[in-house]
Amino acid sequence: MAEIINMPRLSDTMTDGKVSKWNVKVGDTIKEGDILAEIETDKAVQDFEYDGENGVLLYQGIKEGESAPVDSLLAIIGKEGEDISSFINGTSNTTSHSGNNTPEDKKESVTETSQTAKIPDNVDVITVPRLSDTMTEGKVSKWNVKIGDTINEGDILAEIETDKAVQDFEYDGNGGTLLYQGVKEGESAPIDSLLAIIGPAGTDISAIISGTGINTTSKTVESSPKEEKNQEEKTEVSSSSVNSLNHRILASPLAKKVAKDKGIDLAQVKGSGDNGRIIRKDVESFTPPSGASNKTVTSVTSSPSVPITPQITPGVDSETENSSMRNAIAKSLSNSLFTAPHYNLVFEINMDKAIEARKAINSLPDTKVSFNDIVIKAVAIALRKHPQINSSWANTKIIHHGNINIGVAVAVEDGLVVPVIKNTDYLSLTQISAHVKDLAGRARDKKLKANEMDGSTFTISNLGMYGVESFNSIINQPNSCILSVGAIIQKPVVKDGQIVVGNLMQISLACDHRVVDGATGAQFLQTLKVYLENPVSLLA
């Protein structure tokens, strides 16, 4: 008898799981203890171990890289050649049922069958896919096909933007004609809402569209291809009219730069790109009208006393749609600033001895640490002595974290991410340096796993490498504090009654007053100051 394997609940807050990687494929022999797949939850990526009877993997219910709710069909294991069609048909919806069907279950089955019957043969109804574990909606950055195009298996239908990245969405059905687009280019829609319908040309899909609750904005696509073309043409004409009224000129960034360098007014250039868009070659081949030059010369000659007004090319306003990451950052930081009462404590640190210590450390073979690594190490040791700083507010209680996990803010193309160095206080300087380089590199390549950005208890943001002397950060909740680190600046200081040149660095600690009082934050900074001004004390 075949065994049905459902998506397991691997954490107490897990509602769905993502198959990061299948370790076996259909047809492989499966034994008890084998790792079937790597499942990504809301907290970590975990190996999923099989604990049933030996058999053959007959079916994979969730594709690699896709997510599904807990208890939905993950796999079927049984004897080779065993008929499993009844299992697959019986679990075709999002959750699998076990045991005998009650009358209510049978009633639901009949209802589902009647709804399924509305979908004509060979028609694929495609919904917005869940492409990341935290994704709640997807934005169609670009449609690669248009209504009426022939679609084959493997074609890239669209580029879908999630809260983490823009990914190609590949079609894996039987092929056909694109009959409907449920989400317009540049718009967003919730997970599982109607994205597209593919089937034989001329198929009546009105029942499918009306049965999926499409909003009024997407119903405009229901018109015939000819009407759609006319609608698009009207929109383009309307848009170009608005652009001309607002002095907005369609031009590529490179064309704008070349035009600026050459002092060419883009309003006089005719574009050869899509929708009349001006591209570089249009600017480079542009010749100003001779009449304009003659008029200018005549004007200057006849009225030499009139001051010459410089020709100014009007600036062009532009807009950039927010990425999902930018929206997530805005929501998170706004929530932090408006819910946690922030205050900031500023200290100035003499880094003379830290500079000497770093120079000595880096003189060792195959060793290279940064000032940021030294700050991270000092913070981790200081947190041991001030556990209140390593705490979180939880409405009716304060959580004192047993582990010291420091998050390091890393700037990426679309915004900011905070990879986490776990158990930082147990790591050496060289280990911290290796962790930071690895996490920061993979953060910029968008290759961090979800569990590598979770679990921080304290955050450090360093802008010293950009020459910023001091700044205040917004707390990265659920942390209670974040340390802002500025650049090391040479300034005159008094030492032994003499004015000498010192290397000073400003740090600013933002604290959540619900958890950390001013005196507590100041005591933590005093300890940190001792460690940074005397790095040898980190070894004590």
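We count residues from 1, following the sequence as given. Keep in mind that the numbers below use all heavy atoms, side chains included, and drop hydrogens, waters and symmetry copies.
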Determine all donor-acceptor pairs shorter than 3.5 Å in which one atom belongs to a side chain in residues 146-160; sequence neighbours excluded.
residue, atom, partner, partner atom, Å
D149, OD2, K146, N, 3.0
D155, OD2, N152, N, 2.8

Between the main-chain N or O of [Y] and the side-chain N or O of [X], is there a donor-acceptor pair closer than 3.5 Å?
| X | Y | value |
| --- | --- | --- |
| S392 | P478 | yes |
| T127 | L194 | no |
| N462 | G464 | yes |
| S433 | K368 | yes |
| E348 | I507 | no |
| D204 | S206 | yes |
| T203 | G199 | no |
| H513 | C511 | no |
| Y343 | D517 | yes |
| T339 | N335 | yes |

Is there a side-chain contact between [X] and [Y] (heavy atoms, below 4.5 Å)?
| X | Y | result |
| --- | --- | --- |
| T424 | F458 | no |
| T520 | I389 | yes |
| K142 | E185 | yes |
| I460 | I482 | no |
| I198 | V123 | no |
| V346 | L525 | no |
| I421 | V408 | yes |
| M351 | L504 | no |

Legend entry - K260, NZ atom: more than 12 neighbouring heavy atoms under 6.0 Å: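 Count not over threshold, so no.
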Inset, instruction - Determine whether more than 12 heavy atoms belonging to other residues, nucleotides or ligands lie under 6.0 Å from atom CD of E321. - result: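 12 or below, so no.
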Shortest non-hydrogen separation from [X] to [Y] and the atoms involved:
| X | Y | result |
| --- | --- | --- |
| A443 | V410 | CB-CG1, 4.3 Å |
| I278 | V269 | CD1-O, 3.6 Å |
| A378 | L532 | CB-CD2, 3.7 Å |
| A340 | Q477 | CB-NE2, 3.2 Å |
| L439 | P419 | CB-CB, 3.8 Å |
| H342 | S473 | CD2-O, 4.2 Å |

Would you call [X] and [Y] a salt bridge, using N to O less than 4.0 angstrom?
| X | Y | value |
| --- | --- | --- |
| D438 | R442 | yes |
| R130 | D16 | yes |
| R514 | D512 | yes |

Spatial distance of atom [atom1] ([X]) from atom [atom2] ([Y]) [nearest 0.5 Å]:
| X | Y | atom1 | atom2 | answer |
| --- | --- | --- | --- | --- |
| W143 | K184 | CH2 | NZ | 13.0 Å |
| S193 | E137 | OG | CD | 9.0 Å |
| M465 | I488 | CE | CD1 | 11.0 Å |
| K377 | I406 | NZ | CD1 | 9.5 Å |
| K18 | E64 | NZ | CD | 10.0 Å |
| F524 | N390 | CZ | CG | 9.0 Å |

Inset, instruction - Consider only side-chain N and O atoms of S370 and N372, and report whether a donor and an acceptor are under 3.5 Å apart. - result: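 Judged by distance alone, the side chains do not pair up.
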Inset, instruction - Would you check if there is a donor-acceptor pair between the side chains of N472 and S484 at a distance under 3.5 Å? - result: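 Checked: S484/N472 side chains show no N/O donor-acceptor pair below 3.5 Å.
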Inset, instruction - List the steps, then state whether side-chain contact (heavy atoms from CB on, under 4.5 Å) holds for D282 with E284. - result: CA-CA 6 Å; D282 299 327; E284 291 177 341; over 6 Å; no
Legend entry - For N174, side chain to side chain contact (heavy atoms under 4.5 Å, CB included) partners two or more places apart: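 Partners of N174 under the side chain to side chain contact (heavy atoms under 4.5 Å, CB included) test: none.
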Inset, instruction - For S391, enumerate each residue passing the side chain to side chain contact (heavy atoms under 4.5 Å, CB included) test, keeping only those at least two apart in sequence or located in another chain. - result: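 S391 satisfies side chain to side chain contact (heavy atoms under 4.5 Å, CB included) with Q388, I398, H400, V515 only.
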Inset, instruction - Before giving the answer on side-chain contact (heavy atoms from CB on, under 4.5 Å), spell out for V379 and V375 the whole-Å C-alpha distance, their side-chain angles and the decisive distance to 0.1 Å. - result: CA-CA 6 Å; V379 166; V375 171; 4.2 Å; yes
Inset, instruction - Apply the test side-chain contact (heavy atoms from CB on, under 4.5 Å) to residues N362 and V369: give CA-CA distance (whole Å), side-chain angles for both, the deciding distance (0.1 Å), then the verdict. - result: CA-CA 7 Å; N362 287 346; V369 300; 3.6 Å; yes
Inset, instruction - Mind running side-chain contact (heavy atoms from CB on, under 4.5 Å) on Y171 and V145 for me, showing each step along the way? - result: CA-CA 11 Å; Y171 174 63; V145 291; over 6 Å; no
Inset, instruction - Would you check, one step at a time, whether the test side chain to side chain donor-acceptor pair (under 3.5 Å) holds for N479 with T459? - result: CA-CA 7 Å; N479 300 173; T459 303; 2.6 Å; yes
